[in-house]
Amino acid sequence: KEMKKLKYYSFGLAFMILTGSCKKELNKQPTDSFSDTNAFLTLSDVQLGTNGAFGRYGAYLNDIYTNALLSDEAKIGSGNGGQGKLTFQYQYSSDATTGGDVNAGWSGHYALIDQVNRVLPFVSTVTATAAEEPRRNILRAHLLGLRGIAYFSLLEMYCKTYNPSDARGVPIVLVSDPLAKPARNTMGEVMARIETDLADAKNLLPAVTPATFTDTVMNKVNIAAYQARVALYKKDYAAAITFSTEVIASGVKPLATGSAFTGIWTDASISETLFRIRYATATALGALWTTTGGQYYINGSDKLLATYAVGDIRKAAYFGTAGADNFVNKYFTSSRGGRVVDMKACRISEMYLIRAEAYALQTTPNLTLATADLNALRTQRITGYVNATFATSADLVTAVLEERYKELCFEGFRFFDLKRSGLPVTRLASDAAPAWQSLPASSYLFVYPIPASERAANPNCAQNDNYPQ
């Protein structure tokens, strides 16, 4: 519909230029020009705009990609022709030449936010049939939820470890204005925006059951999952427990094992998935790691593969072997074709690990409940698993972070986990050359640079430490 309007505008303008006989005619504004105002006339138009916002959440690919390259979960593959190498070697900056990987998340997530801000004002004003009317709140909720999780990704990438008074959060933009030059808000202000968007979205949505749940749109359960993720990042452990428990207790996606679990990675199963982006034909995610022609760009690290115990079904589900390459099998193939695989942005196993970590880190640790969550997950993944016990909270937290490393690898977590935990990146000699085998926890490189292109267009957006101003 939008392309049709653009076509009519072009044809109409050409006709005026070719046939107009006077300056007055040429100065007339075309009556069929395209703008947001006439793009969104009905609730169906708003639905299309919302669909576009869901599509733009493909920006989360950048979270996944950079987390792998910057952490200890990846190594360079035999067929790599330079893909991701500067990022892997910590040689990135704010310019497009070296910083392409770490800069892409900025434009991607703000493009999603702009799409939301364009569509959101029309949810209340467009016409709708009586049958469509109940969808107003649902569409508003979808848009608010997407905006909230986009801002959260920006905080993780472009800001330091969470500190509400830190003045260098990211700019909060709530209206679409290409000429705006906003300064950075505090991290606390950005967090408040995220929490408000997610809470408002959840309140607008109907209850879901295992029978009505769908993992391709925002709903009460997967918004609660993102609230749990945000709360853990914020170190609000009570909230992290509350929200993760809400998701687990809903029963919409229990932990799976066997083919129900391994089939997740070929899209033969939708077990455990709380939110995903569908790719009908696109190789946007799968082609980041390998090609259908047999080139292996990015592999799983030797360090990561060595963590899987005998009988752990994750190793074969997550990685394949081709000569010296341990390629990423998570996004390798589906029935739709090689490298055409959905992006799993949120899964139920993360909720067990969030709750276990939060139980262990709260003011009065509950080692019994934390250990139960960790053991519940491991039981589903490791044949013949024997329940573990832990003497201290510190030991348990270490075990949970290790389990996140194994369970959530190549899903957009590891680098951020190390960052929020104040831990360095440490790679094996077989995974990286000496110059980039480690990244100290104090390194400024844990915070991505504000892209130089953004700074050129908006000098009010201050650069992060140690990058060119």
Side-chain angles (χ1 to χ4, degrees), residues 1-16 27-59 108-151 172-180 182 193-209 211-224 226 275-278 280:
K1 183 173 181 178
E2 292 174 357
M3 292 303 297
K4 184 182 289 186
K5 289 181 179 178
L6 286 171
K7 180 176 71 174
Y8 288 166
Y9 171 79
S10 300
F11 287 170
L13 184 59
F15 180 81
M16 286 176 62
N27 285 339
K28 282 185 177 180
Q29 293 294 319
T31 59
D32 57 353
S33 62
F34 179 75
S35 68
D36 286 347
T37 302
N38 57 21
F40 300 107
L41 301 176
T42 68
L43 204 62
S44 294
D45 296 333
V46 169
Q47 178 69 71
L48 292 174
T50 304
N51 292 349
F54 276 105
R56 289 189 184 276
Y57 192 61
H109 288 298
Y110 270 114
L112 166 55
I113 290 165
D114 184 70
Q115 177 77 3
V116 170
N117 291 342
R118 284 178 179 273
V119 179
L120 197 57
F122 295 95
V123 175
S124 300
T125 62
V126 296
T127 61
T129 66
E132 291 175 326
E133 197 61 42
R135 288 203 57 78
R136 282 194 201 271
N137 280 345
I138 293 174
L139 292 174
R140 182 181 289 107
H142 289 171
L143 292 166
L144 290 173
L146 288 168
R147 187 171 69 184
I149 61 179
Y151 271 121
I172 297 174
V173 184
L174 301 179
V175 296
S176 179
D177 181 0
L179 301 180
R193 181 75 262 161
I194 293 166
E195 291 177 324
T196 297
D197 278 352
L198 294 179
D200 288 350
K202 191 162 71 169
N203 288 337
L204 289 167
L205 289 165
V208 292
T209 67
T212 61
F213 178 85
T214 176
D215 62 4
T216 56
V217 295
M218 295 276 95
N219 55 65
K220 277 188 180 295
V221 174
N222 58 28
I223 288 177
Y226 279 100
F275 184 49
R276 64 191 165 107
I277 297 297
R278 290 279 291 148

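A donor-acceptor pair under 3.5 Å links the side-chain atoms of Asn219 to the main chain of Thr214, judged by distance alone. Under the 3.5 Å distance criterion, the side-chain polar atoms of Asn222 are matched with a main-chain donor or acceptor of Val217. Of the possible polar contacts, none joining the Lys202 side chain to the Lys220 backbone as a donor-acceptor pair under 3.5 Å is found. With hydrogens and angles ignored, the 3.5 Å screen pairs a side-chain donor or acceptor of Thr127 with a backbone N or O of Leu41. Between the side chain of Asp45 and the backbone N or O of Thr42, at least one donor-acceptor pair lies under 3.5 Å.
Here the side chains of Ile172 and Tyr151 are in contact, with some heavy-atom distance below 4.5 Å. A heavy-atom distance below 4.5 Å is found between the side chains of Leu174 and Arg193. The shortest distance between side-chain heavy atoms of Ile138 and Pro206 falls below 4.5 Å.
Taking each heavy atom of Leu204 and Ala141 in turn, the nearest pair found is CB-CB, 3.9 Å. When all heavy atoms of Ala53 and Val116 are compared, the pair lying nearest together is CB-CG2, 4.2 Å. Taking both residues in full, the closest heavy atoms of Ala131 and Pro134 are given as O-CD, 3.4 Å, listed atom of the first, atom of the second, then distance. The two atoms that bring Arg118 and Pro178 nearest to each other are NH2-CG, 4.4 Å, heavy atoms only. When every heavy atom of Ala201 is checked against every heavy atom of Gly145, the shortest pair comes out as CB-N, 3.7 Å.
Partner of Met218 under the side-chain contact (heavy atoms from CB on, under 4.5 Å) criterion, chosen from Ile149, Leu144, Leu143: Ile149.
With rounding to the nearest 0.5 angstrom, the CD1 atom of Ile277 is 7.5 Å from the CZ atom of Phe54. Between atom CD of residue Gln115 and atom CG of residue Leu120 there is a gap of 11.5 Å, rounded to the nearest 0.5 Å. In this structure, CG in Leu146 is found 9.0 Å from OH in Tyr226, a value given to the nearest 0.5 Å. One finds the CG atom of Asn137 at 11.0 Å from the NE2 atom of His142 (value rounded to the nearest 0.5 Å).
Using the six-membered ring where Trp is involved, Tyr57 and Phe275 have ring planes that are tilted, between 30° and 60° apart.
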Apply side-chain contact (heavy atoms from CB on, under 4.5 Å) to Glu133 and Leu43, showing your working.
CA-CA 8 Å; Glu133 197 61 42; Leu43 204 62; over 6 Å; no
Begin with the C-alpha distance, continue with both residues' side-chain angles, and end with the deciding distance and a verdict on side-chain contact (heavy atoms from CB on, under 4.5 Å) for Arg147 and Asn117.
CA-CA 9 Å; Arg147 187 171 69 184; Asn117 291 342; 2.9 Å; yes
Starting from the C-alpha separation in whole Å, work towards a yes-or-no answer on side-chain contact (heavy atoms from CB on, under 4.5 Å) for Thr125 and Phe40.
CA-CA 9 Å; Thr125 62; Phe40 300 107; over 6 Å; no
Audit row: Asp114, Val173, side-chain contact (heavy atoms from CB on, under 4.5 Å) steps and yes/no
CA-CA 8 Å; Asp114 184 70; Val173 184; over 6 Å; no
